[in-house]
Amino acid sequence: MIDLKFIRENPDVVKSSQKGRGEDESIVDQVIASDEIRRDAIEMFEKLRAQQNTLSKSVGGATGEEKAALLENAKALANSVKEADTKRAEAEDHTKQLVMKLSNILDPAAPIGGEADFVVLEHIGTPREFDFEPKDHVELGKLLGAIDTERGAKVAGSRSYYLTGSGALLEFALVNYAISMAVKAGFVPVIPPVLVNPAAMEGTGFLGQAAENVYRIEKDDVYLVGTSEVPLAAMHMDEVLSGDKLPMRYAGYSSCFRREAGSYGKDTRGIIRVHQFDKVEMFSFCHPDQAKEEHARILQWEKDFLDAMEIPYRVIDVASGDLGSSANRKFDCEAWIPTQNAYREVTSTSNCTEFQARRLNIRYKDGEGTKAVATLNGTLVAIPRMIVAILENHQNSDGTVNVPKALQPFLGKNRFELV
RNA sequence: GGAGGGCUCGCAUAGCGGCCGAGUGCACCGGUCUUGAAAACCGGCAAACGAAAGUUUCGUGGGUUCAAAUCCCACGCCCUCCGCCA
């Protein structure tokens, strides 16, 4: 949610941001018109209410005829108050609905355009030259007894899989490495609920355009989260944080559930795009003035992780049209996937500035008052995609796979053998 | 799933339909006193919007009333007991 006052004072900024995203800019004028009605309605209501309060107080002290007369007046006034209150509520509701339609204001530095208009910020590492035909992760997963997509489909449908043997061990190693790295960096490790209520889902912005990708358990009115960003952000919903404790950083480990509606036919082979996976997510509540620096730090931790996995990757500055509605800027790390001859997204970090916090009512307090915090999120490791990257990049001609040095202590071996 | 109890300012509690945005204790902040500290005493201390007047907030939402923390209804959460259960 964008600050209403900001919209009122800077309509052009909001409009050009909407335009940059390819979204409706006329909402801005609608908001401003609705806001005027809203403010008038509030003023009207508050005036009448003040009158009513005074009058009501005098009724208590009065007696006899005087009291009867006062009551007469008070009754009439009560009706106008009720009417004015209804109008006020409607106007506030209407305005809020409009404001909620607006996406976060773009960082002016974000590239403008659609999915293909990203800017490559840097390349790290060099894609390996194979002196044999590299196998893809599905084949390697079979040879190593690490991934079983066939039985996954049998039991749970398409885009489902079993991680077995080395695959399961690799997940534990990745998670352990990620969590120990996060703890060293000062993150509080968290195992959050993955079943959340509508307020949490709505507040983090996943019931808008992203709603079709969310699993909902209708009977109990709860949702399965697609990322622990949801429970981590909502953890401090309706709270006032103390300014001197910022930034507050959490590393959440959870399963993530995604319907993947609208991605039929995309990445149907293997475990690049699945309905359920585990992920370690970084989340930070920070001072709005420091959000950009924090964003850079989170990106650096993502890079550190990929460096440790010894995987070649590039960092892109995601274009405006491809940002989530809460993000004002987003960087993706894309790992080199040899058999696809392409870089594919493995981690992603978004700066949501105060947008998400306003929706969730999360503020901080310092000497200057109480204001919305900034929230940022970033993937430390999303298991399946990292497994794909590791298997494909570190494979040997016989199908065995070398374990990156950083993971060796967690696995107790330096190579995954064939089964 | 069944039965009961509860949700008020950081914590603990008081609260008769109007004198309650709300008392008390603890904690906290400032001061006096003290070589320093403790104790004692004095003062302050919920939040949001607003330039201010003022408005809103006693779990949430509705209702009754001129007037609701206080009465009524629904929901949520917490606690205790029984049943079931990893």
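As the structure is a computational prediction, the values presented were derived from the model and not from experiment. Proteins get letters first, then strands, A, B, ... in listed order; numbering begins at 1 in each.
Considering only the side chain of Arg363(A), A48(B) comes nearest among U64(B), A48(B), A67(B). For Ala78(A), counting side-chain heavy atoms from C-beta on, the closest listed nucleotide (G50(B), A47(B), A67(B)) is A67(B).
Of the two residues near RNA chain B, Lys75(A) and Val240(A), the one whose nearest nucleotide lies more 5' is Val240(A).
Base pairing of U70(B): no nucleotide in any strand meets the Watson-Crick or G-U wobble criterion (both distances under 3.5 Å). With a 3.5 Å ceiling on both atom-pair distances, the Watson-Crick or G-U wobble partner of C75(B) is G59(B). Both distances falling under 3.5 Å, in either a Watson-Crick or a G-U wobble arrangement, place C49(B) opposite G54(B). When both distances must be under 3.5 Å, the Watson-Crick or G-U wobble mate of G25(B) is C11(B). Pairing for U80(B) is with A3(B), a Watson-Crick or G-U wobble pair whose two hydrogen-bonding atom distances lie under 3.5 Å. Under the Watson-Crick and G-U wobble criteria, each requiring two contacts below 3.5 Å, nucleotide U34(B) is left unpaired.
In this structure, Tyr364(A) atom OH and A47(B) atom P are separated by 17 Å, rounded to whole Å. In this entry the distance linking CG of Leu4(A) with P of G50(B) reads 10 Å, nearest Å. Remark: P of A68(B) and NZ of Lys57(A) are 11 Å apart, rounded to the nearest angstrom. In this entry the distance linking NZ of Lys245(A) with P of G10(B) reads 15 Å, nearest Å. Note: CD (Glu239(A)) to C1' (A47(B)) measures 15 Å, nearest angstrom.
Among the atoms of the strands shown, none is found under 4.0 Å from any heavy atom of Lys371(A). Within 4.0 Å (heavy atoms only), Arg39(A) reaches no atom of the nucleic acid at all. Contacts of Gln52(A) with the nucleic acid, taken as non-hydrogen atoms under 4.0 Å apart, involve only primed sugar atoms and P, OP1 or OP2.
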Contacts table for residues 176-187 of chain A: side-chain donor-acceptor under 3.5 angstrom, sequence neighbours left out:
from, atom 1, to, atom 2, distance (Å)
Asn176(A), ND2, Phe172(A), O, 3.1
Ser180(A), OG, Asn176(A), O, 3.0
Ser180(A), OG, Tyr177(A), O, 3.0

Let me check something: any side-chain donor-acceptor pairs from residues 379-386 of chain A under 3.5 Å, sequence neighbours excluded? List them with distances.
from, atom 1, to, atom 2, distance (Å)
Thr379(A), OG1, Ser348(A), N, 3.2
Thr379(A), OG1, Ser348(A), O, 3.3
Arg385(A), NE, Ile272(A), O, 2.8
Arg385(A), NH1, Glu345(A), O, 3.1
Arg385(A), NH2, Ile272(A), O, 3.1

Return all side-chain donor-acceptor pairs below 3.5 angstrom for residues 189-198 of chain A, not counting sequence neighbours, or 'none' if the list is empty.
from, atom 1, to, atom 2, distance (Å)
Asn197(A), OD1, Ala199(A), N, 3.3
Asn197(A), OD1, Ala200(A), N, 3.0

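Partners of Lys292(A) by side chain to side chain contact (heavy atoms under 4.5 Å, CB included), not counting sequence neighbours, listed by chain and number: Asp107(A). Taking Asn73(A) as the reference, Leu55(A) meet the side chain to side chain contact (heavy atoms under 4.5 Å, CB included) condition, with sequence neighbours excluded. With sequence neighbours left out, the side chain to side chain donor-acceptor pair (under 3.5 Å) criterion links Asp398(A) to Thr400(A). Every residue meeting the side chain to side chain donor-acceptor pair (under 3.5 Å) condition with Gln300(A), not counting sequence neighbours, appears here in chain and number order: Asp304(A).
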For nucleotides 83-86 of chain B, give me every protein contact, N/O to N/O, under 3.5 Å, one pair per line with atom names.
none

Protein-nucleotides 70-76 of chain B N/O pairs closer than 3.5 Å?
none

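In this structure, His236(A) has its ring center closer than 6.0 angstrom to the ring center of Tyr250(A).
The gap from the C1' atom of C29(B) to that of C66(B) amounts to 42 Å, rounded to the nearest Å. Using atom P as the reference point in both A69(B) and G23(B), the two lie 15 Å apart (nearest Å). C11(B) and G4(B): their P atoms are spaced 29 Å apart (whole Å). A distance of about 15 Å separates the C1' atoms of C45(B) and U24(B), rounded to the whole Å. A gap of 46 Å separates the C1' atoms of C49(B) and G1(B), to the nearest Å. Spacing between G30(B) and A39(B) at atom P, rounded to whole Å, works out to 15 Å. Taking atom P in both A46(B) and G10(B), one finds a spacing of 9 Å when rounded to whole Å. If you take atom C1' in C77(B) and the same atom in G59(B), they sit 7 Å apart, rounded to whole Å.
By the 6.0 Å contact criterion, CD on Glu239(A) is enclosed, its count of non-hydrogen atoms from other residues, nucleotides or ligands being greater than 12. Under a cut-off of 6.0 angstrom, the local environment of CE in Met44(A) is sparse, with at most 12 non-hydrogen atoms contributed by other residues, nucleotides or ligands.
Contacts between residues 85-96 of chain A and RNA chain B, defined by a heavy-atom separation under 4.0 Å, are absent.
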(message) As a quick check of understanding, evaluate side chain to side chain contact (heavy atoms under 4.5 Å, CB included) for Arg344(A) and Glu334(A), giving each step before the final call.
(response) CA-CA 5 Å; Arg344(A) 299 295 312 265; Glu334(A) 300 185 323; 5.7 Å; no

(request) Starting from the C-alpha separation in whole Å, work towards a yes-or-no answer on side chain to side chain contact (heavy atoms under 4.5 Å, CB included) for Arg8(A) and Arg39(A). (result) CA-CA 12 Å; Arg8(A) 204 185 294 145; Arg39(A) 283 189 291 163; 3.6 Å; yes

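Proximity of Thr370(A) to the phosphate of A47(B): no side-chain N or O atom is located under 4.0 Å from OP1 or OP2. The side chain of Lys82(A) places no N or O atom within less than 4.0 Å of a non-bridging phosphate oxygen (OP1 or OP2) of U65(B).
In this structure, Arg151(A) is not positioned above the aromatic face of Tyr162(A) in the sense of NZ or CZ being under 6.0 Å from the six-membered ring centre and within 45° of the axis.
In this structure, CD in Glu9(A) is found 10.5 Å from CD1 in Ile32(A), a value given to the nearest 0.5 Å. One finds the CZ atom of Arg297(A) at 7.5 Å from the SG atom of Cys286(A) (value rounded to the nearest 0.5 Å).
Within the structure, no pair that satisfies the ring pair (Phe, Tyr, Trp, His ring centres under 6.0 Å) test touches residues 194-235 of chain A, not counting sequence neighbours.
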(message) For a quick check, with a 4.0 angstrom heavy-atom cut-off, what is the B/S/- contact string for nucleotides 52-57 of chain B, read 5' to 3'?
(response) --BSS-

